[in-house]
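The chains referred to below are lettered A, B, ... by the order of the sequence lines, with proteins before strands, and numbering in each begins at 1. Please read these numbers as outputs of a predicted model, since none were measured by experiment.
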Amino acid sequence: MKTSAFHLATQREVPADAEIVSHQLMLRTGMIRKLTSGIYTWTPLGLKVLRKVEQVVREEMDRSGSLEMLMPSVQPAELWQESGRWDDFGPLLLKMADRAGREFAFGPTHEEVITEFARAEIRSYKQLPICFYQIQTKFRDEIRPRFGVMRAREFLMKDGYSFHMDEACLGRFYQVMFDTYTRIFERLGLEFKAVEADSGAIGGAVSHEFHVLADSGEDQIAHVPGSRYAANVERAEAVAEGEANAPQENLQLVDTPDARTIADLVKQFDVPIEKTIKTLVVEASRSSGQALVALLLRGDHELNAVKAEKHPDVASPLRMATEEEIRDAIGAGPGSLGPFRLPIPCIADRQVALMSDFAAGANSDGQHYFGLNWGRDVALPRTADLRNVVAGDPAPDGSGALELLRGIEVGHIFQLGRKYSEAMNAVVMDENGRAVHPAMGCYGIGVSRIVAAAIEQNHDDNGIIWPEPMAPFDIMILPLNGHKSHRVRELAEKFYGELRAAGREVLLEDRNLRAGVMFADAELIGLPHQLVIGDRGLDKGVVEYRRRGGESREIAIDDAVGILTVD
RNA sequence: CGGGGUGUAGCGCAGCCUGGUAGCGCAACUGCUUUGGGAGCAGUAGGUCGCAGGUUCAAAUCCUGCCACCCCGACCA
């Protein structure tokens, strides 16, 4: 491809509403253009990248024995009413009506459609196991789309669904998918990590997420370097460390008029933060028979909402009590709460149970207790895992100390079980002629998100540094002053022809740009290999080879094509 | 949906407070010069100032309503 004939629409200035670097670079390179909030056009340049990702995904899914198909993006409401998700999915569903007033949704995922398909097509255990997948445009009416295609409303996703007679078979295929995903991200040249995950709203027991590692990632991952343990922080079990010590200090009530937060307390009273307890009041579950419940955490720890709302006595979704509710129930404001003489039930984090001689609010405004101890002063409440793990915590499997990484979720695999096959009554006949509900797995990859994540992981101040398997072209030829110098132009054309004949995808810069503009554009677009041809080099019989983000050296003219066609 | 913010040329912005001629940089187009790291000079073109209503002799500017977009929070590939 020649740049003069390609729609290369690079921009020098950073668009004002692009917050993260991948979004900025995708706009500046002209890979995408926003049509409206969360909805983007992929330009020829962007689409080339998207297709490369898609193709790797397709090849590896095919290799796994999964069968590609294409389901409709518009789905009838009845199907969603049948699974119960017409309402459950709520505002995330983009709903519409046809001329007859019949309701439809633009598919945010395809469990209903595939289950409907399977119940019609799959009748016998002899047809199982089987896995169907598609690469399809989805629409989720996200409350707040952001970061370009990273969290768009319309996006491209690979979704796969497998059907099995029993859990053992599902478990085996799940492992095949795990390995397939690993191959996909390896082939794409991305640094990634597979982690244990919370299965969230989709349901099911076993679940793993695949994250592209990047400092700007929205998810936190806990892992032990060199061990197999890795989990999303949402899920990573926090193990209490150390043992309970006997009381050393006497209980004392202290006036703390200016200490409304743990930070104030630490600063004003010179108490180590590890010796403080914070008390968070949240709405209690209906089944607990209470209105509110207090959660106790060590001062430097953070509440994990996913864990908290799984507790039977905590309302789900989690809701923090208002100041008014707290005052009504306890008689003190949120800055002065603690377990001592607390009039509402409480649950302590596991680590809290091991604390001694600690400080906490006195349930009276402007007062705290110091030197509190379990047993002696307050009965130890029920304990639970309520907090986020922090770096240095022991891993739950005993493999070592946790480190935290940031990641972008690009893949998620689930063992769904029979949730959908039962809800929608998909059955197959087993060997004994009995109708059974098949077990299902579901496997997603955010294809368009991968493009943004790859940029997030691979860029510098000058632009994108494409991993070779995702690059829109392999090689960029940069003829300097080509419109004046015949020999530069001719050599550029010669390389262009020969490299293309050798199967490389080549972009020839033939727009007669100044050197600076040409280099700046080439680096912005970020193709892995650049070949710079100039009169200065030709006098010496050389051209310049540059690896984007790496080396730069002069090579003999006759060696150039050979060097660039070695894999 | 709650909180905050912004809508002026393709992109980035000024002008608004204190009403009166719509402006700057980049990009685009033409010509000449320049040409190994985002050139110079000269010229050209491009605007329902988000939309609707109101106040006024006069509205980008003041008032009211609406819409869109962005940021922070709860959700997700």
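Comparing the same atom, P, in B:U34 and in B:C41 gives a spacing of 16 Å after rounding to whole Å. Spacing of C1' atoms, B:C67 relative to B:G31, comes out at 45 Å, to the nearest Å. Spacing of C1' atoms, B:G54 relative to B:A68, comes out at 22 Å, to the nearest Å. Only the P atoms considered, B:G25 is 12 Å distant from B:G40, to the nearest whole Å. Comparing the P positions of B:G20 and B:C49 gives an interatomic distance of 15 Å, to the nearest angstrom. Taking atom P on both B:G3 and B:C62, the two are 24 Å apart, rounded to the nearest angstrom. When the C1' atom is used for both B:A27 and B:G46, the distance is 12 Å, rounded to whole Å. Nucleotides B:C24 and B:G15 place their C1' atoms 10 Å apart, quoted to the nearest Å.
Annotation: side-chain hydrogen bond (donor to acceptor under 3.5 Å, both in side chains) contacts involving residues 442-454 of chain A, sequence neighbours excluded, comprise A:Ser162-A:Tyr443.
The interatomic distance linking A:Asn232 (CG) with B:C75 (C1') rounds to 14 Å, in whole Å. A:His110 has its NE2 atom 15 Å from the P atom of B:A77, to the nearest Å. The distance between atom CD of A:Glu218 and atom P of B:C75, rounded to the nearest whole Å, is 12 Å. The CD-P distance, from A:Gln220 to B:C76, rounds to 18 Å in whole Å. Whole-Å rounding puts the A:Arg536 CZ to B:G36 P distance at 7 Å. As rounded to whole Å, 15 Å separates atom C1' of B:G25 from atom CD of A:Gln11. Rounded to whole Å, atom P of B:G36 lies 14 Å from atom NZ of A:Lys540. A:His412 has its NE2 atom 10 Å from the P atom of B:C76, to the nearest Å.
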Checklist entry - Can A:His208 and A:Tyr174 be said to form a ring-ring contact (aromatic ring centres under 6.0 Å, His included), step by step? => result CA-CA 10 Å; A:His208 284 84; A:Tyr174 184 84; 5.8 Å; yes
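Nucleotide B:C1 forms a pair with B:G73, judged by Watson-Crick or G-U wobble geometry with both contacts under 3.5 Å. Summarising the base pairing, B:G7 is matched to B:C67 through a Watson-Crick or G-U wobble pair whose two defining distances lie under 3.5 Å. Base pairing analysis places B:U18 opposite nothing; no Watson-Crick or G-U wobble pair with both distances below 3.5 Å involves it. Across all strands shown, B:G43 is found opposite B:C29 as a Watson-Crick or G-U wobble partner, with both distances under 3.5 Å. Nucleotide B:C24 has B:G12 as its partner under the Watson-Crick or G-U criteria, with both atom distances under 3.5 Å. If you check B:G37 for Watson-Crick or wobble pairing at under 3.5 angstrom, you find it has no partner at all.
Side-chain atoms of A:Phe519 and A:Val532, non-hydrogen and from C-beta on, do get closer than 4.5 Å to each other. Side-chain contact check for A:Phe473 versus A:Val506: every heavy-atom pair is 4.5 Å or farther apart. The closest side-chain heavy-atom distance from A:Met31 to A:Val49 is below 4.5 Å.
Comparing A:Ala152 and A:Thr10 by the nucleotide of RNA chain B whose heavy atom lies nearest to each, the residue mapping closer to the 5' end is A:Thr10.
Listed by residue number, A:Gly516, A:Val517, A:Phe519, A:Ala520, A:Asp521, A:Glu523 are the residues of residues 516-530 of chain A with a heavy-atom contact under 4.0 Å to RNA chain B.
One finds a salt bridge joining A:Glu111 and A:Arg85 here, because a Lys/Arg side-chain nitrogen approaches an Asp/Glu carboxylate oxygen to under 4.0 Å. Taking 4.0 Å as the cut-off between side-chain N and carboxylate O, A:Glu54 and A:Arg51 count as a salt-bridged pair.
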Using distance only, find each side-chain donor-acceptor pair of residues 9-19 of chain A under 3.5 Å and give its atom names and separation, not counting sequence neighbours.
| from | atom 1 | to | atom 2 | distance (Å) |
| --- | --- | --- | --- | --- |
| A:Thr10 | OG1 | A:Asp521 | OD1 | 2.8 |
| A:Thr10 | OG1 | A:Asp521 | OD2 | 3.2 |
| A:Asp17 | OD2 | A:Lys34 | NZ | 3.4 |

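Within 4.0 Å of A:Val14, counting heavy atoms only, lie sugar-phosphate atoms of the nucleic acid but no base atom. Counting any heavy atom pair closer than 4.0 Å across all strands shown, A:Arg28 reaches a base atom. Contact annotation for A:Gly534: base contact, defined as any heavy-atom pair under 4.0 Å involving a base atom.
By the side-chain hydrogen bond (donor to acceptor under 3.5 Å, both in side chains) test, A:Asp539 is found to be paired with A:Arg487, residues two or more places apart in sequence or in another chain being considered.
No side-chain donor from either of A:Ser207 and A:Glu196 sits under 3.5 Å from a side-chain acceptor of the other. With hydrogens and angles left out, the side-chain atoms of A:Ser83 and A:Glu112 include a donor and acceptor closer than 3.5 Å.
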Item to check | Nucleotide-resolved protein contact map, nucleotides 69-74 of chain B, B/S/- at heavy-atom distance under 4.0 Å | outcome: SSBBBB
Next on the checklist: Return a single string for nucleotides 26-35 of chain B, one symbol per nucleotide in 5' to 3' order, where B is base contact, S is sugar-phosphate-only contact and - is none, cutoff 4.0 angstrom on heavy atoms.
Outcome noted: B-------BB
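What you find for A:Glu509 and A:Thr3 is that their closest heavy atoms are OE2-OG1, 2.7 Å.
You'll find the ring centres of A:Phe132 and A:Tyr161 outside the 6.0 Å limit. Within the 6.0 Å centre-distance limit, the rings of A:His412 and A:Phe414 are counted as a close aromatic pair.
You'll find a donor-acceptor pair under 3.5 Å spanning the side chain of A:Arg449 and the base of B:C76, going by distance alone.
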